[in-house]
Number of protein chains: 2
Amino acid sequence: MAIDPSADRPVYKQLADLIRARIEGGELRPGQRLPAESDYVAEFGISRDSVRRAMAMLRGEGLIVTELRGSRVREAGEAATVEIAPGTQVTARMPTEPERRQIGVAEGVPVLVITDPSGETRLLAADRTIVKAGDEG
Amino acid sequence: MAIDPSADRPVYKQLADLIRARIEGGELRPGQRLPAESDYVAEFGISRDSVRRAMAMLRGEGLIVTELRGSRVREAGEAATVEIAPGTQVTARMPTEPERRQIGVAEGVPVLVITDPSGETRLLAADRTIVKAGDEG
DNA sequence: ACGTATTTGTACGTATGTATC
DNA sequence: AGATACATACGTACAAATACG
């Protein structure tokens, strides 16, 4: 699998596809370190800009996390189950950056917005929470 | 409010903060067109790169959508309510790009993963769906 | 304790492509 | 056709955090 700069699909998306396939195919396992940006630059002869765009894309999809020392495949992590009463509403959205820091959630992770029948809302990190509908409060 | 290149917080984050505050403060209303990238370049004397990073950040937060003609504040849109039976589990995550296209959901919008007691799952766009726990199937 | 190497973060520049008005 | 505006993609440079010897 290689990258074709003359293809219709942008270089950075091709690289993201390639890495995504390696993650979903199990070639890159949860917790495993990804090659450095410079490795991809050297391997495919593309610019660092393109590599960084690809990484940003995968980060946005929640597939990888990036720290100063490199990126790694996100680990699923055990999610706690929260039971909710009938009439409770649930939706999700991306947190703003201040919220993200406050809740202590990584980039690329949505928050669950849980509104109970009284109108009170809770914000929970979607990667640490599974909401289960119960038959009573 | 201005941007201080010598501040600790990066220029692009300062700009994102500024635009986010304008959105949350109602100065920029849902559906309203944002100034062009070049306007921000001129207004604050920063590079287009920094402006684009700020926009990407806000896009990732689901606050704005960007098209070829410019960016605008995302409109909430009427969300349909879906009732779920007791025992049904709900969580959320970001879709991968192929999923995003398949479901027809904009960038920056998470998907709700709904698993009924039999184990079957549904993917729904979180900005168009509110899940409501019912007291029976 | 210190310097060095590695790696990502930020920020500037330039150029070309493409869609819209 | 021309102007506008965003998308992609290359380049460079320096800063900051971490890891290593």
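The partner of dA1(C), taking Watson-Crick or G-U wobble pairs whose two distances both stay under 3.5 Å, does not exist in any strand shown.
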*Any chance you could list the contact pattern along nucleotides 6-14 of chain D? Use B for base contacts, S for sugar-phosphate-only contacts and - for none, protein heavy atoms under 4.0 Å, 5' to 3'.*
BBBBBS-B-

*asked:* Apply side-chain contact (heavy atoms from CB on, under 4.5 Å) to residues R100(B) and E61(A) and explain how you reach the verdict.
replied: CA-CA 10 Å; R100(B) 203 164 65 66; E61(A) 293 175 2; over 6 Å; no

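The nearest pair of heavy atoms linking V73(A) to R29(A) is CB-O, 3.4 Å. T88(A) approaches D116(A) most closely through the heavy-atom pair CG2-CA, 3.9 Å.
Residue pairs meeting the salt bridge (charged side-chain N to carboxylate O under 4.0 Å, His left out) criterion with at least one member in residues 62-76 of chain A, sequence neighbours excluded, are E67(A)-R72(A).
With hydrogens and angles ignored, the 3.5 Å screen pairs a side-chain donor or acceptor of Q14(B) with a backbone N or O of D4(B).
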